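Here is the structure we will look at.
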There are 2 protein chains.
Amino acid sequence: MDPQARQPAAAATLRDVARLAGVSVSTASKALNERPHVRASTREAVRAAADQLSFSPNSLAQGLSAQRTGTVGLLTSDLEGRFSIPVLMGAEDAFGSDRVAVLLCDARGDAIREQHHLRALLARRVDGLIVVGARPDVRPSIGRVPVPVVYAYAPSDDPGDLSLVSDNERAGAMAVEHLLASGRRRIGHVTGDPTYGAARDRAAGALAALERAGLELAGGEPFYGAWSEEWGRSAQRALLRAVPEVDAVFAGSDQVARGVLDALREAGRRVPEDVAVVGFDNWEAIATGSRPSLTTVDLQLQHLGRVAAQRLSAAMSGDARQGVERLPCRLVVRASSAPRD
Amino acid sequence: MDPQARQPAAAATLRDVARLAGVSVSTASKALNERPHVRASTREAVRAAADQLSFSPNSLAQGLSAQRTGTVGLLTSDLEGRFSIPVLMGAEDAFGSDRVAVLLCDARGDAIREQHHLRALLARRVDGLIVVGARPDVRPSIGRVPVPVVYAYAPSDDPGDLSLVSDNERAGAMAVEHLLASGRRRIGHVTGDPTYGAARDRAAGALAALERAGLELAGGEPFYGAWSEEWGRSAQRALLRAVPEVDAVFAGSDQVARGVLDALREAGRRVPEDVAVVGFDNWEAIATGSRPSLTTVDLQLQHLGRVAAQRLSAAMSGDARQGVERLPCRLVVRASSAPRD
DNA sequence: TTGTACGCGTTATCAC
DNA sequence: GTGATAACGCGTACAA
């Protein structure tokens, strides 16, 4: 196995193609780029030569002369988390992978590292930037940079920036309205860390929906705690003690919901017959593995990524927006919230 | 909010810096690049000018003349999955984010799209390529490309390629040896899809370890099925029927292990007192949310990513390897496998 | 020590 | 219709 054979010669350049086709470099360029004023036979000859050499234009050179790289940076702080990935995928397919490539940088929650990555991305002359925060709360703007920026998931603290976020308040209302529609009236809310704006927004939406129905939250207040199953279990036990007749629980995350389900089963309550449960996140592995499978709210992050890419494209074309844009969530109905007979 | 103000003028070039410092472009270049034969005062003047203009060299131009882009491509098929992300993170910090940036492409399991992305990455003249498969099985080589390639997670079918994979067989043995050390003797194996090479490798390692101890697998055969909690529950019920005296279960994934735990609890068995359980994957949310928390095998994918980056760097320096390199896994001991008194 | 000239690969302008 | 020329921004021989 000759190492030389495994690494073929350097890629062909336009000059090689031109030489082989017996034309000048500029003619070859026009021929391959569908430019007018090229004889058909010449065009064919150039194409043939390009094919033969498996020519593929050097995007560095293209970018250098065109002043655009066809590259966008994605600056995240939540790579191991599951939120930036769908955003990334949405962005990827909205841009079209043939036109734009994504340079990924993970700051891992470190502001210094973020600055560092930011510089690196700008040095690479990305055409635009998507900033995905680690948690759905207001985060510091990266400041003024020479390219358009869109914030996704976590909004920027600078109202002059454009931020795209999930509409958590509306989502909380949706969850409760669904429970009401399935015939529930004593609805509790067990959720996670109250320092998360998303937790408070979801709770606010839920409370508003209850109020519109002339109802109060079972237990009086939301049960704030941690984003864990363990918290879900203990909070649900407390909720059952406080309001034994509770007939539905809206959980702030799917993990919390799993804990809620466990506690209900241990207390001898049937789901969904006695108590309905709605989760949040539509985390596939969690929501479909549970018994029963979990009705939950999908943040539609991939859609959020697509919109981010569209807004970024628009901004790169000079059509920039500002402010915070809230995107809708979607309720995914499974077994845990079947209507009451 | 003047849009002009939000998008400052185009980035400064070396020419701007040189002009401001009152020197030639080449002198400015030498000054900034720590080259010799530059008077200290000149160097300082250039640096000051660069600072003032927030100069940052255009990597496109650098790459064009240096024939290297400082960019590697990561071609994955498993973005939404949780396997390529740790690999990516490991690669990122092994390269050093200041030296190399990662271009991410997700083929989403489509061979056509993979070819497409491959071309795009090569057009961008990446210095190297990491290919992360969708599942831990042999996959088609991407063939001969003009840059070094390392396969991670899923090995290439071409022995001339370099592949880095987890040592699943050794990991299966580790799991069983741990159970034996904790005083268990009737050990069953509930695992997932038998078309996964990793499932068979883990089972083989487990069987070999049992044989070395002069024992047989409880139930005779591994319980193959699906990578789901549901399968874990039903398989464990079957295992209990077949071998009521089973005192340990090695599960092929953490999800399967969760199902096993559920079935055991329903059957009135205490974990770890009556039956010990070991999972696989160290999927944080699954393994620490369970009751009790799950002893499990960590694939150390981030380490795998780091090694991939090292091998790629070596190959870019002309020092290429071939074949399949198996990297060790690590047992993470939690509550579900506490030793027997 | 500093500056001039050229090359990296491509595209666009303008002669021919 | 075609081809020479300049330009994109940087690094680096080589000349001064």
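Just so you know, these numbers come straight off a predicted model, no measurement behind them.
- As rounded to whole Å, 15 Å separates atom C1' of D:dG3 from atom CZ of A:R15.
- Within the structure, every side-chain polar atom (N or O) of B:Q62 is placed at least 4.0 Å from both OP1 and OP2 of D:dC10.
- Each of B:A40 and B:Q67 has a nearest nucleotide on DNA chain C; the 5'-most of these lies closest to B:A40.
- Atom P of nucleotide D:dG9 and atom CG of B:L53 are separated by 14 Å, given to the nearest angstrom.
- The distance between atom CG of B:L32 and atom P of C:dT2, rounded to the nearest whole Å, is 13 Å.
- For the atom pair B:T69 OG1 and B:R124 CZ, the distance stands at 10.5 Å (nearest 0.5 Å).
- At whole-Å resolution of the value, CD in B:E34 and P in D:dC10 are 17 Å apart.
- As rounded to whole Å, 12 Å separates atom C1' of D:dG9 from atom CG of A:L60.
- Phosphate contact (OP1/OP2 of D:dT2, side-chain N/O of A:R39, threshold under 4.0 Å): present.
- Across the protein-nucleic acid pair, B:L64 atom CG and D:dA7 atom P stand 17 Å apart, rounded to whole Å.
- In this structure, B:D78 contributes its side chain and B:S84 its backbone to a donor-acceptor pair below 3.5 Å.
- To the nearest 0.5 Å, atoms CG (A:L129) and NE2 (A:H117) are separated by 12.0 Å.
- Atom CZ of B:R108 is surrounded by more than 12 heavy atoms from other residues, nucleotides or ligands within 6.0 Å.
- Listed pair A:N58 / C:dC8 fails the phosphate criterion, with no side-chain N or O lying under 4.0 Å from OP1 or OP2.
- Between A:R35 and C:dA12 there is a side-chain N or O to OP1 or OP2 distance below 4.0 Å.
- If you check every strand for non-hydrogen atoms under 4.0 Å, A:S59 touches nothing.
- With rounding to the nearest 0.5 Å, the separation of CG in B:L75 from CG in B:L103 is 11.0 Å.
- Contact record, A:V87 with A:V132: CG1-CG2, 4.0 Å, taken as the closest heavy-atom pair.
- Among the heavy atoms of the strands lying under 4.0 Å from A:T13 are primed sugar atoms or P, OP1, OP2 only; no base atom is included.
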For nucleotides 5-7 of chain C, which of its nitrogen or oxygen atoms have a protein nitrogen or oxygen under 3.5 Å away, and what is each distance?
none

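- Rounded to an integer number of Å, the gap from CG of A:N33 to P of C:dT11 is 5 Å.
- Comparing C:dT10, D:dT12, D:dG3 by their closest approach to the side chain of A:S24 singles out D:dG3.
- If you check D:dG3, C:dT10, D:dT2 against the side chain of A:V23, the one that comes closest is D:dG3.
- D:dA4 atom P lies 14 Å from atom CG of A:L14, rounded to whole Å.
- Scanning both residues, A:S156 and A:S141, for their nearest heavy atoms gives OG-CB, 3.3 Å.
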